[in-house]
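A short write-up of the structure that comes next.
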Amino acid sequence: MTTPAVGGTREVAAPDPIARDYILLGLRLDQHIPGIVDGYFGPAHLKAQVDMEQLTAPGRLAEDADAILARLPTEVADAQRRDWLAAQLVAIRTQAAGLAGEELGYVELVERVYAWTPLRRDDAIFDAAAADLDALLPGTEPLADRLTAWDVAFEIPVDRLPGVVDWLVDLFRARSAALFGLPEGEDLRVSLVSEKPWSGYNWYDGGLRSRVDINTDLPVRAATLIDLIAHETFPGHHLEHAWKEADLVDRQKRLEASILVLNAPEALISEGLAELGVDFASPPSEAGDLLVELYGRAGLPIHGDPIAARESAERTVAMTGLRERLGESSVNAALMRHADGASHDEVLAYLQRVGRSPGPLAGKRLEFIEHPLSRTYVFVYEEGEALLRRWLEVVPAEERPSRFGRLLHEQLTPTAIAAELAAAEAAAVPPT
C-alpha cells in the first residue's frame with residue numbers, strides 16, 4: 001500500500017506504526033524548534049496532520065519519545081534499525097525535555113543529542129600545525145595574515161563560480177558512480193546565496209533531488225570549493241540522502257529515514273562521511289592536478305605560469321591538512337563559549353590567536369557556534385570525520401570504498417561505528 005509523498009508528485013509506502021509515530025514526533029518538535037527537521041520527503045498526510053493540529057506541549061513530546069522507545073524491542077525486529085531509532089529518539093526526547101524545563105550541562109546535552117562525547121583538543125596541536133605552516137609559508141607577518149594573503153591569489157570570481165561548480169559536480173558524480181553507484185534518476189541544482197552562517201548547504205527535497213546553496217559572504221578559494229562540492233554533493237550529502245531514500249525508504253520501507261533530524265546522531269554520521277568524501281572525489285595523489293585544472297577553469301592569473309601553478313597547487317595540498325587541524329579549534333571554542341562561560345569576545349580572540357583565523361573567518365565561525373540550531377552541531381564535523389576515518393582505516397585501502405558505501409546505505413550510529421572499531425582494533429592486537 002502506498003500514499004502520496006510531500007510535493008504531490010510521487011508515492012511512498014505507508015509507514016509502519018513505529019515509523020509513523022517517529023515521523024509525527026519529529027515534525028511536532030520542529031514546530032517548537034523551526035529547522036530541527038532538515039528535510040522531509042515522507043507521507044504528505046502526516047505533515048498535513050501536524051500542520052493542522054494544536055501545538056503539542058514539549059513535556060508531552062518527551063513522554064511520547066519515551067513511549068516509542070519502550071515499544072522498540074517488541075515492534076522492531078532488525079537490530080540495526082532498532083538501535084538507530086533508539087539513538088534518534090533519545091536525541092528528540094532530550095531536546096523536547098529541554099524545552100519543558102529540564103536542565104542539562106552543555107557537554108551532557110551534546111552527548112545525549114549525538115550519542116558522542118566531544119573531545120577537547122590540546123592547544124599544542126594547533127601550535128604544531130601553525131609551526132608546520134610557518135615552514136611552508138615563511139614570512140615575518142602573523143601567520144593568519146600570510147594565509148590570507150596567500151588565499152587572495154586563489155579566490156574564484158563569483159561570475160566564474162557557476163561554470164566551475166558544474167564541472168566539479170559532473171566530475172565528482174562520475175567518480176562516485178564508479179566507486180559507489182548512483183540511484184537512477186538522482187539530480188541536483190546549485191545556487192549562490194549570501195548572508196548565511198554556513199559556507200554551503202544541501203537541502204534534500206526527496207525524489208532523489210537536492211538543492212545545494214553556496215554562500216558567497218566570504219571569498220571562495222579554489223581548494224575550499226573542491227572540499228565544499230564533495231561535501232554537499234558527491235559522495236557527500238546528496239549521494240547519501242539519495243541512496244538512503246532509494247534503499248531504506250523505497251526498497252526496505254523504513255519510512256523513518258524520510259525525515260532528517262538536524263540535531264541527532266544521524267547528523268554526526270552524515271557530516272563525518274561528507275567530510276571524508278573529498279578523499280574519494282579528489283584522492284590526495286591527484287589533488288594537485290585537479291587544482292591546476294581548476295585554476296585554468298576559474299580564470300585565475302596564476303594559471304598563465306605553469307611552473308608557479310604547479311608549485312602553488314602542491315603547496316596548497318601540503319597545507320590543507322594543517323589548516324584543517326587549525327579548524328578544529330572551533331571544537332574548543334564551542335566548549336569555551338557554552339560550557340566554560342567564556343564571553344563572545346574571549347572566544348573570538350581565541351579563534352584568532354590559537355586557531356590563527358583572520359578576523360572575518362573567526363567571526364563567521366563564532367556566528368555558527370552561537371546560532372541556536374548549530375550551537376551543538378559544531379562538533380559533528382570534526383568528531384564525525386575523526387571517528388569515521390579511524391573506522392575506514394582499519395581495513396586495507398582497496399576495501400575502503402566498499403566500507404564507505406555502507407555509510408550511504410545503512411542505519412549506522414556513532415555507537416555502532418565505535419563498537420565495530422573497538423572490535424577491529426582488539427582483533428589487531430597480538431595476544432600476550
Side-chain angles (χ1 to χ4, degrees), residues 2-13 37-44 47 161-193 198 200-214 225-262 266-267 269-283 290 388 400-412:
T2 62
T3 184
V6 291
T9 60
R10 60 195 178 85
E11 299 267 320
V12 292
V37 171
D38 193 43
Y40 178 62
F41 46 95
K47 180 71 165 62
L161 276 173
V164 176
V165 166
D166 288 346
W167 164 66
L168 283 174
V169 169
D170 289 345
L171 177 64
F172 292 171
R173 176 185 271 120
R175 291 180 175 181
S176 295
L179 289 170
F180 313 113
L182 305 177
E184 185 178 356
E186 60 76 22
D187 197 11
L188 62 86
R189 66 176 175 83
V190 182
S191 301
L192 304 182
V193 299
W198 32 255
Y201 210 102
N202 176 292
W203 308 95
Y204 190 72
D205 292 328
L208 311 181
R209 304 183 312 276
S210 287
R211 292 171 290 122
V212 174
D213 288 342
I214 297 176
L225 185 64
I226 289 172
D227 287 344
L228 182 63
I229 296 302
H231 185 108
E232 303 296 348
T233 67
F234 300 94
H237 290 320
H238 171 69
L239 186 59
E240 179 205 5
H241 296 326
W243 262 128
K244 285 180 175 173
E245 181 183 8
D247 196 0
L248 295 174
V249 176
D250 293 343
R251 186 176 69 83
Q252 299 186 55
K253 310 297 189 286
R254 298 184 181 185
L255 270 293
E256 67 273 7
S258 67
I259 183 171
L260 307 176
V261 181
L262 193 65
E266 67 175 325
I269 299 296
S270 185
E271 296 295 359
L273 76 85
E275 289 286 280
L276 286 175
V278 71
D279 290 351
F280 296 100
S282 175
L290 183 64
L388 296 182
R400 288 172 193 166
S402 175
R403 194 168 180 82
F404 184 90
R406 291 182 57 198
L407 301 170
L408 304 176
H409 294 272
E410 297 183 28
Q411 290 175 301
L412 293 167

Hey, mind stepping through Leu225 and Ile214 against side chain to side chain contact (heavy atoms under 4.5 Å, CB included) and telling me if it holds? CA-CA 9 Å; Leu225 185 64; Ile214 297 176; 4.2 Å; yes
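- Remark: Leu248 CG to Gln252 CD distance equals 5.5 Å, nearest 0.5 Å.
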task = Start with the C-alpha distance between Leu171 and Leu290, add both sets of side-chain angles, then the distance that settles side chain to side chain contact (heavy atoms under 4.5 Å, CB included), and finish with yes or no.
result = CA-CA 10 Å; Leu171 177 64; Leu290 183 64; 3.5 Å; yes
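- Nearest heavy atoms, Leu388 versus Ile269: CD1-O, 3.6 Å.
- Across Ala5 and Val12, no two heavy atoms sit closer than the pair CB-CG1, 3.8 Å.
- Counting only distance, with no hydrogens or angles, the side chain of Lys47 and the backbone of Phe41 share no donor-acceptor pair below 3.5 Å.
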Practice item. Quick one: do Phe234 and Val169 satisfy side chain to side chain contact (heavy atoms under 4.5 Å, CB included)? Show the steps, please. Key: CA-CA 7 Å; Phe234 300 94; Val169 169; 4.1 Å; yes
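- Note: His241 and Tyr204 have tilted aromatic rings, judged against thresholds of 30 and 60 degrees for the angle between ring planes.
- Checked against side-chain contact (heavy atoms from CB on, under 4.5 Å), Glu275 has the following partners two or more places apart in sequence or in another chain: His231, Tyr381, Glu385.
- In this structure, the separation between CG on Leu239 and CG on Leu407 is 11.0 Å, given to the nearest 0.5 Å.
- The OG atom of Ser270 sits 12.0 Å away from atom CG of Leu412, with the distance rounded to the nearest 0.5 Å.
- Considering CZ of Arg251 and NZ of Lys244, their distance stands at 14.0 Å, rounded to 0.5 Å.
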Checking Val6 against Asp205 for the side chain to side chain contact (heavy atoms under 4.5 Å, CB included) test, could you report, in this order, the C-alpha distance in whole Å, the side-chain angles of both residues, the deciding distance, and whether it holds? CA-CA 9 Å; Val6 291; Asp205 292 328; over 6 Å; no
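- Screening Leu260, Ile259, Val261, Asn202 against Asp38 for a side-chain contact (heavy atoms from CB on, under 4.5 Å) leaves a single residue, Leu260.
- Annotation: side-chain hydrogen bond (donor to acceptor under 3.5 Å, both in side chains) contacts involving residues 178-188, sequence neighbours excluded, comprise Arg173-Glu186, Glu186-His238.
- Heavy-atom minimum distance, Ile226 versus Ser282: CG2-CB, 4.1 Å.
- Scanning all heavy atoms of the two residues, the minimum distance from Pro183 to Ala246 falls at CB-CB, 4.0 Å.
- Contact detail for Arg175 and Pro283: the closest heavy-atom pair is NH1-CD, 4.1 Å.
- Looking at residues two or more places apart in sequence or on another chain, you find a side-chain contact (heavy atoms from CB on, under 4.5 Å) between Pro401 and Leu179, Phe180, Phe280.
- Listed by chain and residue number, Gln88 satisfy the side chain to side chain donor-acceptor pair (under 3.5 Å) test with Glu266 (two or more places apart in sequence, or in another chain).
- Every residue two or more places apart in sequence or in another chain that forms a side chain to side chain donor-acceptor pair (under 3.5 Å) with Trp203 is listed here: Asp213.
- To the nearest 0.5 Å, atom CZ of residue Arg211 and atom CZ of residue Arg189 are 6.0 Å apart.
- Separating the OG atom in Ser258 from the CG atom in Asp250 is a distance of 10.0 Å, to the nearest 0.5 Å.
- For Thr2, the side chain to side chain donor-acceptor pair (under 3.5 Å) partners are Glu11, not counting sequence neighbours.
- Between the Glu245 side chain and the Leu208 main chain, a donor and an acceptor come within less than 3.5 Å of each other.
- Shortest non-hydrogen contact noted between Leu273 and Pro235 is CD1-O, 3.8 Å.
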